[in-house]
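Notes to accompany the following structure.
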Amino acid sequence: MGEDQEMVITNIQAKEPALGLRRLPAGFYTVVRHSGHEWRTENKRSSVSDDVVEWRGPIPLPSDRSVTIGLEVYASFEFQPMLGTGEHLRKLTITVDQLLDRSAKHIPFTLFPKNGDIVSPCSSILVTVEQHNGESSDSSASRVLGPLCSATGTLNELEDATNHGHSALSRYRKHGGKRDLERSVAEFEQALNNCPVDHPCRAAALSNLAMAKLILCQVEDMIASLEIPIRLYRDALAARPVGHTDRPSTLVQLAAVHLARFGEQRDDVDGTRVEALLHEAMELSSTDSDENRAVSLMLQLYAGHRSGPDHASSQSLVDLHSSSRLTDEDPWSSSVQLLERFKRHGDLADLQRAITLLQTLVRTVSVRDDGYRVGLGNLGVALGWRFDRLGELSDLEDAISTHRNAVHLTRDGHPDKPSRLNNLGISFRARFERLGELRDLEDAISTLRDVVHLTTDGHPDKPDYLSNLGNSFIIRFLRLGDLIDLEDGISTHRHAVVLIPHGHPHKPGMLNNLGLSFKARFERLGELRDLEDAILTHRNAVVLTPDGHPHKPVMLNSLGLSFITRFERLGELSDLEDAISTHRDAVVLIPHGHPHKPAMLSNLGLSFKARFQRLGELSDLEDAISTHRDAVFLIPHGHPHKPGMLNNLGISFITRFERLGELRDLEDAISTHRDAIHLTPDGHPDKPGRLNGLGISFRARFDRLGELRDLEDAISTHRDAIHLTPDGHPHKPSYLKNLGISFRARFERLGELSDIEDAILTHRDAIHLTPDGHPDKPSGLNNLGLSFITRFERLGELRDLEDAISTYRDVVHLTPDGHPGKLSGLNNLGISFITRFLRLGELSDLEDGISAHRDAVHLTPNDHPDKPSGLSNLGNSFITRFDHLGELSDLEDAISTLRDAVVLIPHGHPRKSAILNSLGNSFITRFERLGELSDLEDAISTHRDAVVLIPHGHPHKPVMLNSLGNSFITRFERLGELSDLKHAISLYSHAASVPIGLISVRFRASRKWILCARRMRHPSLLHAHSIAINLLPQLAWIGLSLTHRYAELEQGADVVREAAAAALDSGFPELAVEWLEQGRSIVWGELLQLRGSYEQLSSAHPDHARRLRELSAALDDAGATREKPLSTFSESTDDAIHRATQTLQQLADTHRTLAIERDKLLQEIRRLPGFNRFLLQKDFSQLRASAHSGPVVVLNAAEHRCDALIVLANVDHVIHVPLPNFTFQRSTDLQGILKSFLRNALVERTGQIERWDHGTWESFLSPLWKCVVEPVMGALAFSTPGELSRIFWCPTGPFVFLPIHAAGLYDAKYSAPGHKVFDFVVSSYVPTLSILAPSRNIHVAHNDDFRLLAVRQPPTDGQLSRLPGVHTELEHIKESLG
């Protein structure tokens, strides 16, 4: 910036400076302070059509950008001359640098209510700064700015007292404290005493005192004292002749006092003065001025006073009078006036005096007197109002009893019969809303139907009665979910709107009720047209309700609710801003102490929370909690709406906990939700919603602390909510969704597959019950997708991953841009793409995943609570691409992105540990690439933090332990410190042993534990092998397809062989046999179990055995059918293949369901006495019985040793035959030679041993004899050829592919018997020992009728090579069998 340039403020705009002000302002001005000086702008008028006041003109700024600037906004209540500073509205303190930044981006400073205010004037300030030539600033300033004065100047006593009076009056209007009001009067009196009669500000001093005195008179109900403010305003008006700028406002203020007195005394003199003063004010004020608007409103109020009280208010839904005439001298009139005044001002003292007077008068009048029935009706109304205000159930019971008596005493055909029935029906409905007894609601509808039936369409009260009936239909719909009630409600409200004439004061109320009905139908069916109709109808209701009308806040409140609903559907931020603005207006307009004030505060709080969830501004969340607290504080204990207010407060606590991680918020949420449920009676229609909120809080605490009890409480509470909610209820899908989320959380904790199946089923039910187009549909789909992903991670079924991607695509497609749900959908879609890439390796999936995560991060505002998760997902996808492509920039981007996520997420947040874990992994990856030791240290430190933060029992704990273990192993390999290896063993053992988390994660941990323990001969090695083997059956669960199960077992095959070798190293050959049997019989053994007869179980528990046989047979059939190829189901058209694919998916679902049911039944059987080991792995003492027909030789090939383990039925130990001359490498070499022989074999056999470049059959078979079979024969003492014994070979690993039965020495010099295996034994092969287990059924009859089925496989259409000799072999078999 050049020396001849300076920075100047050229424009200041204040939005909504009059919001909530309640006093009639003359103008507004701003003051800018810095460097010991202040600049005051002109006092500028505002019009009703403008919500922004703008001041133009340069105000110089200092060149030092760190200097602090103070900017204040004031309201003045006289235009000229001004007395004092007026009312201080807002103060903004910023640096020059901040001011320049906001100005350059054209971003206003948003101002929120402070110090407990619900709403405050001036919601934002926009300041424009430009660069000007230095010489032009002063001249411009002198034209547009007010006087420039030193900031250190002192105020005289007159101004000082005036300013104190304004401050006290402002505090009173915000908080309602009478002491502030009295202080204001005293200060203004002092100011007037200090103001000479001829002082130019005398009129201002008079007006200020008059205003304060008027308010005090109204508060203390001293109508006679109104003469004081009248006199003061008259004197002020005399000092402001025609042509004076402030004369119109003074005329309006004086008219207001006369109108107040006219409303109480009906003195025609006051009425005449009101008309004269207002008409003069109208002539002197412009049409768009605040004074003109005030004149219009007061003329309407005056007209209403002159026409008498409204005795059939559709909003109160009661009649204060019957059709009988009561004269002014009647003793009942004073009670009616008290009730009318309570309706206007909400002063509880008026209501209490009216009830006392009515109770006294009713006791003194004969029941045959017509006034008695009128008095009963009014007393019932008054008691109902007091119940609404204080929540005392006794008042409601008394109201019902009183209305019943009034109805009973009113003969059929009497013109007052419908109105008294109407009051009774409304009281029934109020009791239903308090206690939840459906009988009361049915009585209300029945009674109100009678009212409508008794009233002709032309009767002026018919619309009111229809409206009451319509409301009752809607309430029953919300309770029972019957769509007929909803349609009846809308139809009835439409009828009411049609019947009531335009201009009728009750028309807005009818429109409001119709709008609420449209909104209810939208929430049930999801048709956007209904929501648009609701908003249009509510807008009309607001427009038709004059400003100042006591029902205006109600109309605004309903409109705000519709705006919020549309925001939730479409995501348009303008709807959310409109909702907040509308709810703020409603709160400002409704008087303190009004019974509806808490509800309106609560709705404003919900709007603040919605904006927080969209934009992430913590101030919105704080405002939400503060507002909900005010609502709870204001509503009396026992009031039927108190539980709802507590519920909303509890939800806000949960939201803040999710953002900041403070456990105190979580405890407050649970406590608040419990209070809400305790106060909600059983049977109440809102009970399920309160239970749902408590369930969410329990689950949040489980996520934070890991206590399983909380998760069980969450599931139980959600189940109760669903049980209490009828089908068709609009909230049932939401309750199902939350139950499904809790099922998934329990699955992740305990691993019970039934929980993830229940989660998917529950989410599917929720989606089925949610109509297309409903705003909650994407959320339900999102949770279903999460369950698919979770099941995929456990079972590895690709179909689940495809379903997840398809579901998330629907979520993104159905969620409008700008909607907060879009972020979650994009994030989860990105995760699914990355997961499919890791499974299938398609690079396009990786790029799609990164793109989806980038979009999510881009759409998420800074400070939004979901921003850290989005950044974490993006960082993880960068790491994945680096692992695949090796671009260092991806790794740097990952670390940078994950660091940002860690900084943004608060300490204590449930996801912090996962993000730290990802960052630690990225450090490890960079260390492996670049070798910087600092990265390795950062990885260990970060992983440690992740482990510390995640609670004990969290399902992701094994992942964090695994990662930290990997970091220690990496450092051990770099530095060789044995302590690092010990730390890794401890971490891996913990990760593998905890009974939580994914089986695959725990299995990987067990394998790493084994590797580390083997390196240092750690004493935990055998335990590590035991853990790994016990995890294998869960890894290859019976509910998976056979193909999938074998694929899972492939990664565990070496674990079993190495475990056996470790047991042999430690001198436990029996344990080696047990482990080999357990690890190798997972599939074979379970298939045999499916076809078992379970004789012992049948004799002891036949019902259990029958159920097990049925389930096992069904599971066997389902597994076999599932293995069929797709082509066996249909022809190869696209449609047919789609149907076949669906069929296979249904079979897979059935297979899983049967497996889960069978697992549960087995757990039940194992709880029976004597069956605790039923169908579990056998120990050696049981296994050796399998050798009843001959020795069983288990051949094991491990990395560092090979062994033969001989099992004999009559020997209680294993005969261990080490094979030191046979190694794992030799076995694999021989396997390779055999494959080469087979590939190069002649099509027809020659009967000779062929020689090839790589060796001969003799050189292939002789090592098997010398190194494997001959040592076994020696151990068994098989030394005499020709005495053939039966032997069963049980090979493992490479032994499986070697022809043990043909082992021998085939050179010519060994042609004599005794050099080949078949000289000593008849060989058979078995996959496991269990397959030879003797049958328990000893009653099977012996059958000498030997039969054999031999099948000759026909040619296979070229798919496989032809097997030679098949026909010849089959003929030889037939000849041998005769």
Side-chain angles (χ1 to χ4, degrees), residues 658 695-696 699-700 702-703 711 714-715 718 733-768 770 776-815 819-836 838-839 845 848-849 852-853 856 865-866 868-870 872-874 876-877 910-911 914-915 918 954-956 959 996-998 1000-1001 1149 1152:
E658 291 170 347
I696 292 170
R699 189 176 66 242
F702 164 76
D703 290 339
L711 186 53
I715 291 174
H718 285 310
S734 176
Y735 303 156
L736 285 165
K737 177 186 72 175
N738 287 319
L739 176 61
I741 293 170
S742 295
F743 278 140
R744 182 167 60 85
R746 189 167 68 180
F747 165 74
E748 291 176 337
R749 171 64 183 271
L750 301 179
E752 290 290 337
L753 277 161
S754 57
D755 279 328
I756 193 61
E757 297 294 330
D758 286 342
I760 291 173
L761 179 64
T762 306
H763 284 310
R764 278 181 164 146
D765 288 345
I767 291 169
H768 175 71
T770 307
D776 290 340
K777 191 88 168 188
S779 173
L781 288 166
N782 193 53
N783 284 297
L784 177 61
L786 284 171
S787 296
F788 282 140
I789 281 288
T790 303
R791 189 167 70 183
F792 168 76
E793 291 171 343
R794 171 64 175 87
L795 302 180
E797 296 283 351
L798 193 59
R799 179 72 259 163
D800 281 329
L801 183 54
E802 298 296 342
D803 286 343
I805 291 174
S806 172
T807 304
Y808 288 136
R809 278 185 162 135
D810 289 342
V811 172
V812 173
H813 173 71
L814 292 174
T815 309
H819 192 284
K822 191 92 165 184
L823 311 177
S824 176
L826 284 167
N827 264 318
N828 290 328
L829 179 60
I831 291 170
S832 301
F833 280 137
I834 297 296
T835 304
R836 189 166 68 180
L838 294 172
R839 173 68 178 267
D845 279 330
D848 288 342
H853 286 313
D866 291 339
S869 294
S872 176
N873 293 328
L874 180 59
N876 288 333
S877 62
R911 277 195 52 80
I915 296 174
S918 297
H954 194 285
H956 294 163
V959 175
I996 55 173
L998 288 174
S1000 58
V1001 172
D1149 292 341
R1152 277 195 312 274

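Computed from a predicted model, the values in this text were never measured in an experiment.
To the nearest 0.5 Å, atom NZ of residue Lys737 and atom OG of residue Ser734 are 5.0 Å apart. If you take CG on Asp803 and CZ on Phe792, they are separated by 12.0 Å, rounding to the nearest 0.5 Å. The CG atom of Asn782 sits 9.5 Å away from atom OG1 of Thr807, with the distance rounded to the nearest 0.5 Å. Asp758 contributes atom CG, which lies 12.0 Å from atom OG of Ser742 (distance to the nearest 0.5 angstrom). Taking OG1 of Thr762 as the start and CG of Asp755 as the end, the distance is 10.0 Å to the nearest 0.5 Å. A distance of 8.5 Å separates NE2 of His718 from CD1 of Ile715, quoted to the nearest 0.5 Å.
No side-chain donor-acceptor contact under 3.5 Å links Ser869 to the backbone of Asp866. The backbone N or O of Gly796 lies less than 3.5 Å from no partner atom in the side chain of Asp800, so there is not a single donor-acceptor pair. Side chain of Tyr808 to backbone of Ile831: no donor-acceptor contact under 3.5 angstrom is found. In this structure, the side chain of Arg699 engages the main chain of Asn738 through a donor-acceptor pair within 3.5 Å.
Contact annotation: the side chain of Ile789 approaches that of Ser832 to within less than 4.5 Å [non-hydrogen atoms, C-beta and beyond]. Side-chain contact between Pro733 and Ile767: absent, with no pair of heavy atoms (C-beta onward) separated by less than 4.5 Å. Using a 4.5 Å cut-off on side-chain heavy atoms (C-beta onward), Thr835 and Glu793 make no contact. Contact check for Arg911 versus Ser872: side-chain heavy atoms found under the 4.5 Å cut-off. Using a 4.5 Å cut-off on side-chain heavy atoms (C-beta onward), Val811 and Leu829 make no contact. The closest side-chain heavy-atom distance from His853 to Leu826 is not below 4.5 Å. Contact of the Ile756 side chain with the Arg794 side chain is not registered, since no non-hydrogen atoms from C-beta on lie closer than 4.5 Å.
Between the side chains of Asp776 and Thr770, no donor-acceptor pair is found at a separation under 3.5 Å.
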Practice task
Take Ile760 and Arg764 through the side chain to side chain contact (heavy atoms under 4.5 Å, CB included) test and state the conclusion after the steps.
Solution key: CA-CA 6 Å; Ile760 291 173; Arg764 278 181 164 146; 3.6 Å; yes
Applying side chain to side chain contact (heavy atoms under 4.5 Å, CB included) to Lys822 and Val812, what does each step give before you reach the verdict?
CA-CA 6 Å; Lys822 191 92 165 184; Val812 173; 4.1 Å; yes
Under the side chain to side chain contact (heavy atoms under 4.5 Å, CB included) criterion, do Asp845 and Ile834 qualify, and how do the steps go?
CA-CA 6 Å; Asp845 279 330; Ile834 297 296; over 6 Å; no
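Of all the heavy atoms in Ala714 and Gly695, the pair that sits closest is CB-O, 3.5 Å. Nearest heavy-atom pair across Pro868 and Ile915 is O-CD1, 3.8 Å. Nearest heavy atoms, Phe747 versus Glu752: CD1-O, 3.2 Å.
Listed by first and then second residue, the salt bridge (charged side-chain N to carboxylate O under 4.0 Å, His left out) pairs involving residues 777-788 are Asp772-Lys777 (not counting sequence neighbours).
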